[in-house]
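Positions are given from 1 along the sequence. Just so it is clear, the structure is predicted and the values come from calculations on it, not from any experiment.
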Amino acid sequence: MPLIRMGAENSSVTEFILAGLTNQPRLQIPLFFLFLGSYVVTMVGNLGLITLIGLNSHLHTPMYFFLFNLSFIDFCYSTVITPKMLMSFVLRKNIISYAGCVTQLFFFLFFVVSESFILSAMAYDRYAAICNPLVYTATMSLQVCLFLLLGVYVMGFAGAMAHTACMVRLAFCTNNLVNHYMCDILPLLERSCTSTYVNELVVFVVVGIDTGVPTVTIFISYALILSSILRIHSTKGRSKAFSTCSSHIIAVSLFFGSGAFMYLKPSSLLPMNQGKVSSLFYTIVVPMLNPLIYSLRNKDVKVALKKTLSKKPFS
């Protein structure tokens, strides 16, 4: 990749050492098994949801089309981060090459930005379903869904490229210990021996766009949804409308709350050790909880699971 080669030529550092989550020996093994367990739950949950949606035709709707992609994104970006993180609990030095670090940074950013926009697409889908149910099929046609999905991944690619291109222009000298369990933007900036002013500006602008646009979209969608629900006279109708949105609201709150806390506060107000704990929520906890939130609170998914499990293997 030309971008990585250019960055490697600018820097005297050929590899980084990831400090991990903690340096206390007695916590290493318990934390290893804790996060290994969470990774297994994440993989099983997201792959299970992807499989269920793929196998059950009654789930081939816009809502589950976006949920399928949310599970795919969660599966991918958890895989980009967690295996390398687990190594820091069992190795004395968790070394990652310069190219590996930049690659991890790019794919982490690609999937995390894509997740923010897929959540906003899901909010728009709920708005269309609740506020305009009679024209929902036309509003959320296959072409519209594919166009929204293309926008999700284009924004993910653009955000990842902006941060990565700014990162490879920096020079990293002597001290190559990254105070984190992954190659993230802020801990890498701490290791630069050149000015990071442009990078910090890009962080505030790009992160502001990548959280601001989805957040505004989600707030407007739910303001219109709430207005529509309050006009429903039937208590049962209101309850059903609220239940279709509750899972999405929980997922949005967890993801955007932890992400904004990490990136939209000055580093002087958030020590890196606290930042590592905060980033656990959107890198480890959110991908694990999303399939549980959407399956445990979703009647259609439960029905699909029962149908799939009741099928005979060779029928």
Side-chain angles (χ1 to χ4, degrees), residues 45-77 111-157 210 213-229 232 237-256 286-287 289-305 307-308:
N46 285 294
L47 287 176
L49 206 50
I50 288 170
T51 304
L52 275 181
I53 295 170
L55 292 178
N56 291 271
S57 57
H58 75 279
L59 297 181
H60 294 176
T61 63
M63 174 182 172
Y64 293 102
F65 171 78
F66 292 120
L67 183 54
F68 180 97
N69 281 277
L70 176 65
S71 292
F72 170 74
I73 290 168
D74 281 338
F75 169 81
C76 289
Y77 97 76
F111 289 118
V112 82
V113 173
S114 296
E115 173 136 349
S116 69
F117 281 94
I118 199 79
L119 288 170
S120 65
M122 293 172 78
Y124 176 73
D125 171 68
R126 292 299 81 207
Y127 155 75
I130 294 171
C131 298
N132 299 295
L134 298 179
V135 293
Y136 174 69
T137 305
T139 304
M140 298 302 295
S141 63
L142 178 61
Q143 290 81 2
V144 171
C145 290
L146 290 174
F147 178 76
L148 288 173
L149 187 65
L150 177 64
V152 165
Y153 289 122
V154 166
M155 291 304 295
F157 180 79
D210 290 338
V213 172
T215 301
V216 169
T217 303
I218 290 166
F219 269 112
I220 292 174
S221 297
Y222 276 107
L224 295 172
I225 287 169
L226 183 61
S227 174
S228 181
I229 288 174
I232 299 174
R238 285 185 185 181
S239 177
K240 185 178 179 181
F242 272 121
S243 68
T244 62
C245 299
S246 58
S247 298
H248 184 254
I249 292 171
I250 294 169
V252 165
S253 302
L254 283 171
F255 179 77
F256 283 103
V286 170
L289 290 183
N290 276 346
L292 298 176
I293 291 168
Y294 281 100
S295 57
L296 295 177
R297 299 178 60 85
N298 192 303
K299 183 180 175 182
D300 291 335
V301 172
K302 291 178 183 177
V303 170
L305 180 60
K307 282 179 63 178
T308 303

Return the [atom1] to [atom2] distance between [X] and [Y], rounded to the nearest 0.5 Å.
X    : Y    : atom1 : atom2 : answer
F68  : H60  : CZ    : NE2   : 8.5 Å
Y127 : I220 : OH    : CD1   : 10.5 Å
N69  : S114 : CG    : OG    : 9.5 Å
L226 : I130 : CG    : CD1   : 10.0 Å
Y153 : I73  : OH    : CD1   : 4.0 Å
F75  : F111 : CZ    : CZ    : 10.0 Å

Under 6.0 Å from the OH atom of Y136, do we count more than 12 heavy atoms belonging to anything else shown?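 For Y136, atom OH is crowded (more than 12 foreign heavy atoms under 6.0 Å).
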I'd like to know if the side chain of [X] and the backbone of [Y] have a donor-acceptor N/O pair within less than 3.5 Å.
X    : Y    : result
T51  : L47  : yes
S227 : A223 : no
N46  : P287 : yes
S71  : I50  : no

Non-hydrogen atoms of [X] and [Y] that approach each other most closely:
X    : Y    : result
C131 : P133 : C-CD, 3.4 Å
V213 : T217 : O-OG1, 2.8 Å
T139 : Y124 : CG2-OH, 3.7 Å
I218 : A123 : CG1-CB, 3.8 Å
E115 : V286 : OE2-CG1, 3.7 Å
C145 : P62  : SG-CB, 3.7 Å

Does any non-hydrogen side-chain atom of [Y] lie less than 4.5 Å from one of [X]?
X    : Y    : value
F65  : L149 : yes
F66  : L119 : no
M140 : L148 : yes

